[in-house]
Amino acid sequence: MGKGAELSRGLFWAVTVLCLASDWMQVGEAIWLNLPGSSRTKCVSEEIQNNVVVLGDYVVISEDHTGHTLPTLTVKVTSPYGNNIHHQENVTHGQFAFTTHEAGNYLACFTVDGHYQGSGDVSVNLDWKTGIAAKDWDSVARKEKIDGVELELKKLEGAVEAIHENLLYLKSREAEMRTVSETTNTRVAWFSILSLGICIAVSVTQLWYLKRYFLKKKLI
């Protein structure tokens, strides 16, 4: 009975991990951006940790174009510290790929070029993939000569590793935030004590000055 319970518990955790891994492998999404006539620039951002592969595929679709008058874009992708990762002008579609070297918010901005005179909205489809979703599994399968169940297990192994790395990243961020919070609380406490001390000193000085003034005027 005990072994059966342990086996059931093990199967439960195995299924849970596989479900989490399957969800994690879907870290990639298609985003639609509508750029109306009044505002021809829109940006998207995502917080990404260090040493993560990022792939982006974008294409512009205008609701007010005929054939060759398809609007063009200026596309700029920047790192958390403002470094240019990808910059293209006068394009209707393109791709970018990079491995992050900084942890933080990565920003992708799309601007309709000024020579476009159309009145309708300009839609941009952005396929943004990060981490395990951006990995070229076809190349992995050809290189390691695996397919079917082995390939799926390889994907799940990669997803579990990605989950583990993300948990470590979240743990480090939590530790940083806790340190910042404790430092802030300490500074606020010292500032409060200093403010109280200044108030007491000012009050004593005022009392001393008023007493001296009254004595000088012989009011007391």
Exercise. Using side chain to side chain donor-acceptor pair (under 3.5 Å) as the criterion, point out the one residue from Thr41, Thr72, Thr74 that pairs with Thr111.
Key: Thr41
Quiz item: If every non-hydrogen atom of Ala97 is compared with every non-hydrogen atom of Leu55, which pair is closest and at what distance?
Solution: CB-CD2, 3.2 Å
Quiz item: Do you know the tightest heavy-atom contact between Ser79 and Glu102?
Solution: OG-OE1, 2.9 Å
Can you give each donor-acceptor pair under 3.5 Å made by side-chain atoms of residues 190-202, sequence neighbours left out, with the distance rounded to 0.1 Å?
| unit_1 | atom_1 | unit_2 | atom_2 | d |
| --- | --- | --- | --- | --- |
| Ser192 | OG | Val188 | O | 2.9 |
| Ser195 | OG | Phe191 | O | 2.8 |

Exercise. Quick one: pull up OH in Tyr169 and CD1 in Ile48 and give me the separation to the nearest 0.5 Å.
Key: 9.5 Å
Quiz prompt | For the student: nearest non-hydrogen atoms of Tyr106 and His101, plus distance | solution = OH-N, 3.7 Å
Exercise. Check Lys42 against Asn34 and note the closest heavy-atom contact, atom names and distance.
Key: NZ-O, 2.9 Å
Quiz item: Nearest heavy-atom pair of Trp128 and Ala108: which atoms, and what distance?
Solution: CZ3-CB, 3.7 Å
Quiz item: Taking atom CG of Asp127 and atom CD of Gln95, what is their separation to the nearest 0.5 Å?
Solution: 9.5 Å
Quiz item: Does Leu107 belong to the same Ile/Leu/Val/Met/Phe/Trp/Tyr cluster as Leu73, with side-chain heavy atoms less than 4.5 Å apart forming each link?
Solution: no
Practice problem: Kindly compute the distance separating NE2 (His93) from CD (Gln88), expressed to the nearest 0.5 Å. | Solution: 10.5 Å
Practice problem: Write down the atom of Thr92, the atom of Pro71, and the distance for their closest heavy-atom approach. | Solution: CG2-O, 3.5 Å
Exercise. Would you give the length of the straight line joining atom CG of Leu170 to atom CD1 of Ile163, rounded to the nearest 0.5 angstrom?
Key: 11.5 Å
Exercise. Verify the cluster assignment for Val91 and Val60: are they in a single hydrophobic cluster under the rule of side-chain heavy atoms below 4.5 Å apart?
Key: yes
Quiz item: Are there more than 12 heavy atoms of other residues, nucleotides or ligands under 6.0 Å from atom NE2 of His86?
Solution: yes
Quiz item: What is the distance from atom CE of Met177 to atom OG1 of Thr184, rounded to the nearest 0.5 Å?
Solution: 9.0 Å
Quiz item: Taking atom CD of Glu174 and atom OG1 of Thr179, what is their separation to the nearest 0.5 Å?
Solution: 8.5 Å
Self-check item: Side-chain donor-acceptor contact under 3.5 Å, Asn84 with Thr78
Solution: no
Exercise. Tell me whether Phe110 is reachable from Val59 by hopping between hydrophobic residues (I, L, V, M, F, W, Y) whose side-chain heavy atoms are closer than 4.5 Å.
Key: no
